[in-house]
Trainee: 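First the structure, which I've put down as structure tokens, then a few questions once you've had a look.
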Amino acid sequence: MDWIINDELGLTVGHVVGYVSASFMVVGGVLPYVPQYKQIKKTQDPEGFSLHVCLALLIANTLRILFWFSSRFEIPLLVQSVVMNITMFIMIHLCVTVRRNNAIMRTRERVFSDFDSRYFWNWTDFQSYLDFMLVVWVVGAAVTYLMLSVTWFMESVGFLAVFTEAMLGAPQFLRNYRNKSTHGMSICMVIMWTAGDMFKTGYFILRNAPTQFWICGTLQVSLDLAILLQVYIYRKNPPRSTHRGD
């Protein structure tokens, strides 16, 4: 009788742990952007945050959603991708709004429909970012529908999804290196990136997620640590007086 009770208790604890882990996977990736959002909102200065981080995550999570139709990996990972895309649009909207408010002189609008590569992902209106991603979603959905039965292609989509996400810290790393400063970047955000990515990579391994997931997760943690190293190296450097665009 005791072993039955112990088994039931073990199953209950296991279910709770599984539920908590899955819930954290859904919202854990969003949490690092809360302090960055608050910092930009408070200082009205978005220049320390690279919008190319948002681009990397939007593309990565869109590809992951498309990959799900082939691999059917765990639902929490799918939901996480949807939540992350919404979060990135919130970050973009804030940065674009603050930049427009801070503009001393009203310059010519730079929009997606201009198809000017010089201003790609540096548009002056939020709608352009939505329009670009809408094109990506439509083209991606069409290609996925046509190639769904081609295993090597869909596996490549899965690898590209997690590799793009693994490299999301690269724009921030390069921006810090170019400016020789981490001013304007939320250190709390990077620390939470690192903790979350370590948890996520461990989750991939324990839950037997596709191999691409945990390999690229390890790469992502390495980039997080490199950015933290920049925080230490540039800790005494003053902020740049003139900021460059993304």
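Along the sequence shown, the residues carry numbers beginning at 1.
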Trainee: Any heavy-atom pair between the side chains of Pro46 and Leu94 that's under 4.5 Å?
Mentor: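 The answer is no, as the side chains (C-beta and beyond) never meet within the 4.5 Å cut-off.
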
Trainee: Determine, using the 4.5 Å side-chain heavy-atom cutoff (strictly less than), whether Leu78 and Leu148 are members of one ILVMFWY cluster.
Mentor: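 In one cluster with Leu78: Leu148, yes.
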
Trainee: Where is the tightest heavy-atom contact between Cys188 and Pro35, given as atom of each residue plus distance?
Mentor: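 Looks like SG-CG, 3.9 Å.
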
Trainee: Can you measure from CE (Met133) to CD1 (Ile59) and round to the nearest 0.5 angstrom?
Mentor: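 So the gap between those two atoms works out to 4.5 Å.
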
Trainee: If you round to the nearest 0.5 Å, how far is CG of Asp45 from CD1 of Ile40?
Mentor: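 Going from the CD1 atom of Ile40 to the CG atom of Asp45 covers 8.0 Å.
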
Trainee: Under a plain distance cut-off of 3.5 Å, with no hydrogens placed, do Ser128 and Asp131 share a side-chain donor-acceptor pair?
Mentor: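 No - no donor-acceptor pair under 3.5 Å links their side chains.
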
Trainee: Pairs in or reaching into residues 143-154: which pass side-chain hydrogen bond (donor to acceptor under 3.5 Å, both in side chains), with residues at least two apart or in two chains?
Mentor: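 Checked against side-chain hydrogen bond (donor to acceptor under 3.5 Å, both in side chains) - neighbours excluded - no pair reaches residues 143-154.
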
Trainee: Is there a continuous path of hydrophobic side-chain contacts, each under 4.5 Å between heavy atoms, that joins Trp137 to Phe112?
Mentor: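 Yes.
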
Trainee: For the CD atom of Gln80 and the OG1 atom of Thr87, what is their distance to the nearest 0.5 Å?
Mentor: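 So the CD of Gln80 and the OG1 of Thr87 are separated by 10.0 Å.
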
Trainee: With a 4.5 Å limit on heavy-atom distance, are the side chains of Val96 and Asp125 in contact?
Mentor: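 Side chain of Val96 against side chain of Asp125, heavy atoms only: no contact under 4.5 Å found.
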
Trainee: For residues Tyr234 and Leu229: do they belong to one hydrophobic cluster (side chain heavy atoms under 4.5 Å, members Ile, Leu, Val, Met, Phe, Trp, Tyr)?
Mentor: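 Same cluster.
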
Trainee: Are Leu55 and Phe120 side-chain neighbours, meaning at least one heavy-atom pair lies under 4.5 Å?
Mentor: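 Leu55 vs Phe120: side chains touch.
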
Trainee: Which heavy atom in Ile65 sits nearest to a heavy atom in Ser81, and how many Å separate them?
Mentor: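 The answer is CG1-CB, 3.7 Å.
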
Trainee: So does Phe89 have more than 12 non-hydrogen atoms from other groups sitting under 6.0 Å from CZ?
Mentor: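 Buried by this count: over 12 neighbours within 6.0 Å.
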
Trainee: Is there a side-chain contact between Met154 and Ser71 (heavy atoms, below 4.5 Å)?
Mentor: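 Answer no - side chains too far apart.
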
Trainee: With hydrophobic residues grouped by side-chain heavy-atom distances under 4.5 Å, do Leu130 and Val138 end up in a single group?
Mentor: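 Linked, Leu130 and Val138 end up in one cluster.
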
Trainee: Run the numbers on Val143 and Phe153 for side-chain contact (heavy atoms from CB on, under 4.5 Å), then give the verdict.
Mentor: CA-CA 10 Å; Val143 172; Phe153 178 82; 3.5 Å; yes

Trainee: What's the shortest heavy-atom distance between Gln36 and Phe49, and which atoms?
Mentor: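 Looks like CG-CD1, 3.8 Å.
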
Trainee: How long is the straight-line distance from CD of Gln172 back to CZ of Arg175, given to the nearest 0.5 Å?
Mentor: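 Taking CZ in Arg175 and CD in Gln172, the distance rounds to 7.0 Å.
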
Trainee: Kindly write out the residues that satisfy salt bridge (charged side-chain N to carboxylate O under 4.0 Å, His left out) with Asp116, not counting sequence neighbours, or none if the list is empty.
Mentor: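 Partners of Asp116 under the salt bridge (charged side-chain N to carboxylate O under 4.0 Å, His left out) test: Arg118.
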
Trainee: Residues in ring pair (Phe, Tyr, Trp, His ring centres under 6.0 Å) with Tyr129, at least two apart?
Mentor: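 Testing Tyr129 for ring pair (Phe, Tyr, Trp, His ring centres under 6.0 Å), a comparison that skips the adjacent residues, returns Trp121, Trp123.
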
Trainee: List the atom of Met84, the atom of Asn61, and the distance in Å for their closest heavy-atom pair.
Mentor: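 So the minimum-distance heavy-atom pair works out to CG-ND2, 3.4 Å.
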
Trainee: Would a hydrophobic clustering, with Ile, Leu, Val, Met, Phe, Trp and Tyr connected at side-chain separations under 4.5 Å, put Val136 with Leu160?
Mentor: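 Yes; tracing contacts between hydrophobic side chains, which count when under 4.5 Å, links both residues.
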
Trainee: Between Val221 and Met198, which heavy-atom pair has the shortest distance, and what is it?
Mentor: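 Heavy-atom minimum between the residues: CG2-N, 3.8 Å.
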
Trainee: Would a line drawn from the ring center of Phe159 to the ring center of Phe67 be shorter than 6.0 Å?
Mentor: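 Not close enough - the centres of the two rings lie 6.0 Å or further apart.
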
Trainee: For a side-chain contact (heavy atoms from CB on, under 4.5 Å) check, start with the C-alpha distance between Tyr33 and Met88, then their side-chain angles and the critical distance, and finish with the verdict.
Mentor: CA-CA 9 Å; Tyr33 297 95; Met88 290 302 99; 3.9 Å; yes

Trainee: Within the side chain of Asp114, is there an N or O that forms a donor-acceptor pair under 3.5 Å with the backbone of Arg110?
Mentor: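 Looks like no, no N/O pair under 3.5 Å.
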
Trainee: Determine whether Val190 and Val231 make a side-chain contact, defined as any pair of heavy atoms from C-beta on separated by less than 4.5 Å.
Mentor: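 Val190 does not reach Val231 side chain to side chain.
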
Trainee: Do Phe163 and Leu219 make a side-chain contact, defined as non-hydrogen atoms from C-beta onward lying under 4.5 Å apart?
Mentor: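 Yes, their side chains come closer than 4.5 Å.
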
Trainee: Any chance you could measure Phe173, atom CZ, to Asp224, atom CG, to the nearest 0.5 Å?
Mentor: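 Answer for the CZ-CG pair, Phe173 versus Asp224, is 12.0 Å.
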
Trainee: Answer yes or no: is there a donor N or O on one side and an acceptor on the other, between the side chain of Lys42 and the main chain of Gln39, under 3.5 Å?
Mentor: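 Not at all, since once roles are kept as given, no pair shorter than 3.5 Å links the two residues.
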
Trainee: Run the side-chain contact (heavy atoms from CB on, under 4.5 Å) check on Thr97 and Arg100 step by step: do they pass?
Mentor: CA-CA 5 Å; Thr97 301; Arg100 290 175 70 95; 5.9 Å; no

Trainee: Return the minimal non-hydrogen interatomic distance between Ala56 and Thr164, and the atom names on each side.
Mentor: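 Heavy-atom minimum between the residues: O-CG2, 3.4 Å.
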
Trainee: For the residue pair Ile90 and His93, establish whether any side-chain heavy-atom pair is separated by less than 4.5 Å.
Mentor: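 Not touching, per the 4.5 Å side-chain cut-off.
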
Trainee: Answer yes or no: are there more than 12 heavy-atom neighbours, outside Phe132 itself, under 6.0 Å from its atom CZ?
Mentor: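 Buried by this count: over 12 neighbours within 6.0 Å.
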
Trainee: Sub-3.5 Å donor-acceptor pair from the side chain of Gln44 to the main-chain atoms of Val98, do we have one?
Mentor: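 Between the backbone of Val98 and the side chain of Gln44 there is no qualifying donor-acceptor contact (under 3.5 Å).
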
Trainee: Within this structure, what is the CG-CD1 distance for the pair Leu51 and Ile92, rounded to the nearest 0.5 Å?
Mentor: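 Reported value, rounded in 0.5 Å steps: 6.0 Å.
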
Trainee: Side chains of Glu109 and Thr124 only: does a donor on one sit below 3.5 Å from an acceptor on the other?
Mentor: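 Side-chain D/A pair, Glu109 to Thr124: present.
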
